[in-house]
Amino acid sequence: MKNRSNPQLYIGTFLLGYEHVSLFAWVGETGGEFYFCPDERHPARIKVGLEYDSWQECVSVLLHEVFEFSMARHRVRYERSGKYNHDHSDYLFCFDHPQFSSICSDAGGFITQALPKLATAYRKHKP
């Protein structure tokens, strides 16, 4: 996990499947990540950096994190065991078409609600 010292903006909490997930935006940062259980008082969260030259890049990171979150919740994300470097590029996703439809349904609901609010934050903090 990266050390994120720049401010984080709370965008909102939206349904992703059957659970509430909070979305945060990083000012001055790129990339994204998610947590299933950030602490004992808060729901799962997704974080997306705003430091992109184009809105399309920011949306791409949001899509990546939301879909990966949903795939992990649907238990179709796997990583090799016994690997020493534990980088995030070593995941394997295996699912059939009905599972993919469920993942898309979960992600679509979250993205529909989150995207307008994230766009407002992006415009306000655009590099």
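Note that the numbering runs from 1 along the sequence shown for the chain.
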Check whether S70 reaches the backbone of V66 with its side chain - one donor and one acceptor, N or O, closer than 3.5 Å.
no
Can you find a pair of side-chain heavy atoms, one from F110 and one from F69, that are under 4.5 Å apart?
no
Q113: side-chain contact (heavy atoms from CB on, under 4.5 Å) partners, not counting sequence neighbours:
F14
Can you name the side-chain hydrogen bond (donor to acceptor under 3.5 Å, both in side chains) partners of E57, sequence neighbours left out?
S54
Passes side-chain contact (heavy atoms from CB on, under 4.5 Å), L50 versus T30? Steps please.
CA-CA 6 Å; L50 297 177; T30 60; over 6 Å; no
Looking at residues at least two apart in the chain, or sitting in another chain, which of them share a side-chain contact (heavy atoms from CB on, under 4.5 Å) with L15?
H20
Fellow cluster residues of Y10, listed by chain then number, with links counted only when side-chain atoms sit under 4.5 Å apart
F24
So, do Y52 and Y122 have ring centers that fall under 6.0 Å from each other?
no
State, with a plain yes or no, whether a side-chain heavy atom of L16 is found less than 4.5 Å away from one of I46.
yes
Rounded distance [0.5 Å steps], CH2 in W26 versus CG in L9:
12.0 Å
Check: T13 and V21 side chains under 4.5 Å, non-hydrogen atoms:
no
Applying side-chain contact (heavy atoms from CB on, under 4.5 Å), name anything that partners R75, two or more places apart in sequence or on another chain.
none
Approximate separation, where rounding is to 0.5 Å, of H125 NE2 and E29 CD:
13.5 Å
Heavy-atom closest pair, residues H74 and S102
CE1-CB, 3.5 Å
Contact list for residues 41-50, test salt bridge (charged side-chain N to carboxylate O under 4.0 Å, His left out), sequence neighbours left out:
none
Nearest 0.5 Å, please: how far is CD in E65 from CG in L62?
8.5 Å
Considering only residues two or more places apart or on different chains, which pairs with a residue in residues 98-107 satisfy salt bridge (charged side-chain N to carboxylate O under 4.0 Å, His left out)?
none
Kindly indicate whether the side chain of F34, heavy atoms from C-beta on, has any atom under 4.5 Å from the side chain of V48.
no
Measuring only between side-chain heavy atoms, which start at C-beta, is V27 closer than 4.5 Å to P7?
yes
Salt bridge (charged side-chain N to carboxylate O under 4.0 Å, His left out): pairs with one or both residues in residues 12-25, sequence neighbours excluded
E19-R73
Could you walk me through whether L118 and W55 pass side-chain contact (heavy atoms from CB on, under 4.5 Å), step by step?
CA-CA 10 Å; L118 185 62; W55 170 234; 4.0 Å; yes
Residues two or more places apart in sequence or in another chain: which of them pass side-chain contact (heavy atoms from CB on, under 4.5 Å) with F93?
E68, M71, R77, Y91, F95
Applying side-chain hydrogen bond (donor to acceptor under 3.5 Å, both in side chains), name anything that partners D39, two or more places apart in sequence or on another chain.
H42
Does any non-hydrogen side-chain atom of D96 lie less than 4.5 Å from one of V76?
no
Looking at every non-hydrogen atom in both residues, tell me the closest pair between G49 and C58 and how far apart they are.
O-SG, 3.6 Å
Under a 3.5 Å distance rule, please check whether S105 uses its side chain to pair with a backbone N or O of S101 as donor and acceptor.
no
